[in-house]
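Proteins come first, then strands; the chains are lettered A, B, ... in the order of their sequence lines, and each starts at number 1.
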Amino acid sequence: MAYNHKKIEAKWQKYWKQKKFFTAKDNVKGKKNYYHLVMFPYPSGNAHIGHWYNYAPADVFARFKRMEGYNVLSPIGFDAFGLPAENAAIKRGVSPETWTLSNIKNMTRQLQAMGNIYDWSRMVVTCLPDYYKWNQWIFLQMYKKGLAYRKKVAANWCPSCKTVLANEQAEGGKCERCGTSVEQKEVTQWLLKITDYADRLLEDLDTLDWPERTKSMQKNWIGRSEGAEIDFPIEESELKIKVFTTRADTLPGVTYLVLAPEHPLIKILDARIRNKNSVRDYLEKSKHKTELDRLTDVKEKSGVELQGIKVINPFNKKIISVWVSDYVLGGYGTGAVMAVPAHDERDFDFAKKFELPIIQVVSENGKQNKLEAAFVNDGVMVNSGELDNLPNNIAKDRIIESIGAKKKINYKFRDWLISRQRYWGTPIPVIYCKECGTVPVPEKDLPVKLPKIKDYLPDGLGRSPLAKSEKFLKVRCPECGGPAERETDTMDTFIDSSWYYLRYLDPKNKKSFAESLKIKNWMPVKMYVGGPEHAVMHLLYARFFTKFLHDEGYLDFKEPFVSLRHQGMILGPDGQKMSKSRGNVIDPDELVEKFGADSMRIYLCFMAEYSQGGPWDPTGILGAYRFLNRVNDLFAKIKFDKKVKPDNGSGKDHKDLNRLLHKTIKKVGEDVAGFKFNTAVSSLMILLNEMEKKKDAVNKNMAENYIKIMVPFAPHIAEELWQNLGNKKSVHIEAWPEYSKHLIEDEEVEILIQINGKLRDKILMPKGSSQQEIEKIAMSKEKIKEFLTGKPKKTIFVPDKLINIVI
RNA sequence: GCCCGGGUGGCGGAAUUGGCAGACGCACACGACUCAAAAUCGUGCGGAUAACAUCCAUGAGAGUUCGAUUCUCUCCCCGGGCACCA
């Protein structure tokens, strides 16, 4: 008979809540603290199967750590600011706040149904002033240190909506709202100087127990490259063009320079440019290029020469031309490159198209070759005067030295642009005064609260909807008391998630973001579980914040997350990404109703390798459900039939079963610790199968041990069975059982008999049998004799494993 | 193009200091129970063959080895990330 999961799960969830089992104390005598964290959800309205897949197996791990004897903190909250709330508000006429808070209420109910050990008393909701006050406070600390600054940058601008868009909102170069082509527009925005931390963000990756691919993604994202900056003097001028290169060795082969369209010198040199009109045309065209255009242009280079401008190659004093092309990026390096068509693919393409000279200076064989394409490998110098025949890597340093160039390190990633022209976010705590300029809001005036407004559309001037609230906008300058205006942009919501793990430690603190003793108690996070989609943004920003707060003396560690694991993605039954339009969405609520949270937990653990994920099998969960029913049948009946045997029951079945039990205790523990939830469940299944076969040999002690190792996976049914066995206290204060090293040793082992590496027979032998003993028995086997057609050349013997006779 | 993953039955997946390929589960088939169905229980389940024997089989091909899903090389395919970064 199927057990009543609804009744049981509700009953024990209530019981745990009443007993405050999972309210984490900051200190428990004799126990080490363990901070276990999952990436908090965005309150979209409904918990979906992806949330379950992140949180349920992660909770299995947390519960296991708890049973191992750690004082575990496993908190949860909501990443509650963000665009969807605004869109819902515009569409349905409810305020973003109302929408968000009601979603949080619903999702709280859903998450609680999972039966996780979350400490709900520490819930953090980032859209509440108590929380975002500290976003503003951290911003001000960064401002003081010069790490938060305002700058004119090129941003995605939709001319129809008259707003700046985030990159995610301008994918493919089209505005998400209206489909208009996005332009690059210069706007003044707030940025955080994350690039100051580039080297530390890179180096400290080595200290982390994170998936390799995540670390390498961060490495690529930061994109460190070592090179040199070289000045090219402009003819008949005091000015110079500075370029960055990693290949200073190719300087003798430079045949022209290329500037990015945004390069400031183009304007400065305007008077001397002879072909002004075609240059202006080109600049105008590249401004309107969408991302898509740029991508398709990779193959076909475009550009225009700055006629009338010549520069001097500092190595050989040759006079060379200067071009403008959008294959050079304004934001990287110096926005200008020295072109070496012989040794750079892009320059090669460009030179071919515009019929510019190509001079080889590095050669594989020390001779001048006919180049069909750029030669990018190492070699020896040619066409380079006295440097000829030197290996290019040695020539590199010589050249840098001889022309007095500066070595320089460049990074691909940029400072973090945090200004958003949106309503539903943290107001940036800055005031602009005509007299005093930019004035940070004094800390005592925090939080700058988000005003309630009615219209969430931008004001048409590229400012956030906050500008529409006069009450918010007009303010007295904190310095001179004169009339001033507030900054109306809000912060990127990634700010919220960059430090939320610290707030869980002290969520109600009014004096600081968290008390330092509490931080000391818990941080850093020992295990962090969440999706791989956050490999660069969130996980990089959080590391940056931690390093900043460390430098300010608030934290005594440099990395927030010691270990990190990713869950895979659950796809629809059709193998496609779940989406409403495809109609392949699996609703966890329905499944919980039908099979219960325990079945869900077991199946999610079992269905795939955790980091891999895969398609949802609608019938698969039946296996988990059947398994739990069989566990229930077995252990519930033991009690009622009063068949419980004394703990020292004897007999072969009992002995075998007990050995398997202890092996399983070991295996499940190791598997969970290694995030191999699927094989852990499978060993629980194997043990159950054996116990069912040898029912009479199962005693109470075994049943209890089985229930204990099942607790992390199926906590509700485990509690029910535990207390049914006559235990008065919760199974959740029980420790993970210890396995007996002695017991798991097999007395007899199966020895494989191979002939020429092929398995021919197996024999059961006492552990530690010698080669002679085994050989003797093996040779006497009829089956083996049959195959022993020739003389044995040699015999390979692996103790307790196999014997291989080579003929 | 570059950098990571990955490719094993009908399906999800096990198995690694190189040593029984396919654990465990799903699906399926047959049987038991039932008037019947569902549920449950039992048996079978990579391919070839009459076969309990034997041979073949872990994307393809080669190599190292007594022995390769596991190590090396070449190639193909799938997923993800980055992508004119000088």
Once you round it to whole Å, what is the distance between [atom2] of [N] and [atom1] of [X]?
X	N	atom1	atom2	answer
A:M685	B:G13	CE	C1'	12 Å
A:D671	B:U16	CG	C1'	15 Å
A:N220	B:C82	CG	C1'	6 Å

Nearest-angstrom distance, [atom1] atom, [N] to [M]:
N	M	atom1	answer
B:C84	B:U72	C1'	35 Å
B:C3	B:C56	P	38 Å
B:G13	B:C4	P	23 Å
B:U70	B:G6	C1'	15 Å
B:C35	B:A23	P	37 Å
B:G46	B:G22	P	10 Å
B:C20	B:U58	P	15 Å

Are A:K667 and A:D671 ion-paired here, with the side-chain N under 4.0 Å from a carboxylate O?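 Salt bridge: yes.
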Please determine whether a side-chain nitrogen of the Lys or Arg among A:K594 and A:E590 lies less than 4.0 Å from a carboxylate oxygen of the Asp or Glu.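 No, no charged N to carboxylate O under 4.0 Å.
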So [X], base contact, sugar-phosphate only, or nothing? Heavy-atom distance under 4.0 Å.
X	result
A:L622	sugar-phosphate
A:G613	sugar-phosphate
A:R760	sugar-phosphate
A:I796	base
A:N410	nothing

Counting side-chain heavy atoms from CB outward, which of [options] is closest to [X]?
X	options	result
A:K794	B:C24, B:C66, B:C55	B:C66
A:S216	B:A86, B:C3, B:A15	B:C3
A:S225	B:A86, B:G12, B:A27	B:A86
A:N804	B:A86, B:G67, B:A27	B:G67
A:K758	B:C84, B:C56, B:A86	B:C56
A:N678	B:A86, B:C66, B:G13	B:G13

Would the A:F354 and A:Y256 ring centres measure less than 6.0 Å apart?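 No; A:Y256 has its ring centre 6.0 Å or more from that of A:F354.
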Are A:Y706 and A:F635 close enough that their ring centres sit under 6.0 Å apart?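 Centroid distance A:Y706-A:F635: below 6.0 Å, so yes.
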Could you list the protein-to-nucleotides 39-45 of chain B atom pairs, N/O on both sides, closer than 3.5 Å?
from  : atom 1 : to     : atom 2 : distance (Å)
B:U40 : OP1    : A:R626 : NE     : 3.3

Against the six-membered ring of A:F350, is A:K301 placed for a cation-pi contact (under 6.0 Å from the centre, within 45° of the normal)?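 Not flagged: A:K301 not positioned over aromatic ring of A:F350.
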For the pair A:Y411 and A:F413, name the ring-plane relationship: parallel under 30°, tilted 30 to 60°, perpendicular over 60°.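 If you compare the ring of A:Y411 with that of A:F413, the planes turn out perpendicular.
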Students often mix this up, so state it plainly: with edges at 30° and 60°, are the rings of A:W416 and A:Y541 parallel, tilted or perpendicular?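 Aromatic pair A:W416/A:Y541 classed parallel.
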Please confirm whether any donor atom in the side chain of [X] sits under 3.5 Å from an acceptor in the base of [N], or the reverse.
X	N	result
A:K762	B:C20	yes
A:Q754	B:C20	no
A:K301	B:C84	yes

Reading 5' to 3' and counting Watson-Crick or G-U wobble pairs with both distances under 3.5 Å, write the dot-bracket notation for RNA chain B, | for bases paired outside the strand. (((((((..(((......[....))).(((((.......))))).(((.....)))..(((((..]....))))))))))))....
If you assign A:I686 and A:M217 each to the RNA chain B nucleotide with the nearest heavy atom, which residue ends up on the more 5' nucleotide?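 Between the two, 5'-proximity favours A:I686.
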For B:G81, does the O4'-C1'-N9-C4 or O4'-C1'-N1-C2 angle fall within 90° of 0, making it syn, or is it anti?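 You should classify B:G81 as anti.
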